[in-house]
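Report on the structure given below.
So that the names make sense, note that chain A is the first sequence line, chain B the second, and so on, each numbered from 1. The figures here come from the full heavy-atom set of this structure, side chains too, leaving out hydrogens, waters and symmetry mates.
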Protein chains: 2
Amino acid sequence: MKWQETSEIPCSVARTLSVIGDRWTLLVIRNAFLGMQRYEQFHANLGVTRHVLADRLGRLVEADILEKVLYQQRPPRYEYRLTEKGRDLHPILMMLTAWGDKWMAQEHGAPLLFKHTACGHVFTPKLACSECAEEVLVSDVSPMIGPGMGKQKHA
Amino acid sequence: MKWQETSEIPCSVARTLSVIGDRWTLLVIRNAFLGMQRYEQFHANLGVTRHVLADRLGRLVEADILEKVLYQQRPPRYEYRLTEKGRDLHPILMMLTAWGDKWMAQEHGAPLLFKHTACGHVFTPKLACSECAEEVLVSDVSPMIGPGMGKQKHA
DNA sequence: ATAGTAAGTTCTAATTTAGAACTGGGCAAG
DNA sequence: CTTGCCCAGTTCTAAATTAGAACTTACTAT
């Protein structure tokens, strides 16, 4: 099965991964959340080859996760900004970070801390229920077949 | 830069992705959350080649995300179960699913719904603050340099 | 005139993946 | 008692992707 074919699978995880399921893609997005916008910044910061970086930025633009914005004429130069769809990846990034902090710990602790400006505290992200606002644990969730589960290849 | 080298980067996202930052790896984990445990189940359900599946299962065992449990002697057969470290990936999977449901919508809606058994409602996962329990939006988070940010290659 | 900057593109060699066939231990049916 | 089936891989070749370095184009600054 090829890269793009997974976007056809009736599974939201597969469909999400068809767009961001790549090491470099997610690192580009992470850096975009930290404020990076330009090709050379991404290149200097990530250990990715120029070829792959150009490819990934292109895919992200095509997927409407980043948008190219002209910041200079002569010669035309564009920077990459997160779209609303891209900014909506924030919870995923926060959860990836939290898992890494907990399970892939570094010598001296987390490289980055996050402050919740609304309450002023450094925090750890939790998964909460949209209906009762309580924390949701694995054992509290039961999956049910939804309306989109058609002729599935997947359980 | 090669696959495994990213695990050295002082960034929790990079370190997390060094373990699960692969299309097939995350799909294997998703299926493990839905109850799959055996090689042939994963193979039948995912469109992955046998070679890659064996490789990814091996890596996940080595990363202590899955564990091999003998379920039959003669010939010895093992099944793969999520460890605590693996079950801790649940929030990531829930967030990936939620993003896919919202932005990669299928014709008839979400293929899977999730019920929060504690309150009884079908829900959407939200990111909440560990300190004040309120929902956390992108604009409410400010990253700060943490203790683990040493001789960084990354901002 | 020379150097530098930004955002790529091009090239070759190495690595990874796809897809299909094969292995090997043991089972069950005819 | 032999043919076929199950499971969990391994092996094979061809195709695709990636790494790493050099090159390009259109400017600006010294």
> What is the per-nucleotide protein-contact pattern of nucleotides 7-14 of chain D, from the 5' end, where B denotes a base atom under 4.0 Å from a protein heavy atom, S denotes such proximity for sugar-phosphate atoms only, and - denotes neither?
Replying inline: BBBBB---
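- Remark: P of dA7(C) and CG of Leu66(A) are 14 Å apart, rounded to the nearest angstrom.
- OP1 or OP2 of dT17(D) has not a single side-chain nitrogen or oxygen of Arg23(B) nearer than 4.0 Å.
- Spacing between atom CG of Leu53(A) and atom C1' of dA19(D) amounts to 14 Å, rounded to whole angstrom units.
- Phosphate proximity of dT16(C) to Arg59(B): absent, as no side-chain N or O sits under 4.0 Å from OP1 or OP2.
- Rounded to whole Å, the distance from CD on Gln72(A) to C1' on dG8(C) is 14 Å.
- With a 6.0 Å cutoff to the six-membered ring centre and a 45° limit on the axis angle, Arg38(B) counts as a cation-pi contact of Tyr71(B).
- Between His43(B) atom NE2 and dA20(C) atom C1' there is a gap of 10 Å when expressed in whole angstrom units.
- There is no path of hydrophobic side-chain contacts, each under 4.5 Å, that joins Leu137(A) to Met95(A).
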>> Pair Glu67(B), Arg81(B) - check salt bridge (charged side-chain N to carboxylate O under 4.0 Å, His left out), show working.
In response: CA-CA 5 Å; Glu67(B) 58 184 339; Arg81(B) 293 193 198 158; over 6 Å; no
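- At least one side-chain nitrogen or oxygen of Trp24(B) sits closer than 4.0 Å to the OP1 or OP2 atom of dA18(C).
- Protein atom CE of Met36(A) is 14 Å distant from nucleotide atom P of dA6(C), rounded to whole Å.
- Classification of the Phe33(A)-His90(A) ring pair by plane angle, with boundaries at 30° and 60°, yields tilted.
- Rounded to a whole Å, the CG atom of Asn45(A) is 15 Å from the P atom of dA6(C).
- Enclosure of atom NZ in Lys85(A) by more than 12 non-hydrogen atoms of other residues, nucleotides or ligands within 6.0 angstrom is indicated.
- With rounding to whole Å, Asp55(B) atom CG is found 15 Å from dT15(C) atom P.
- The distance between atom CD of Gln37(A) and atom P of dA6(C), rounded to the nearest whole Å, is 14 Å.
- Shortest non-hydrogen contact noted between Pro10(B) and Gly148(B) is CB-O, 4.2 Å.
- Of the possible donor and acceptor atoms, one in the side chain of Ser130(A) sits under 3.5 Å from a partner among the backbone N and O of Thr124(B).
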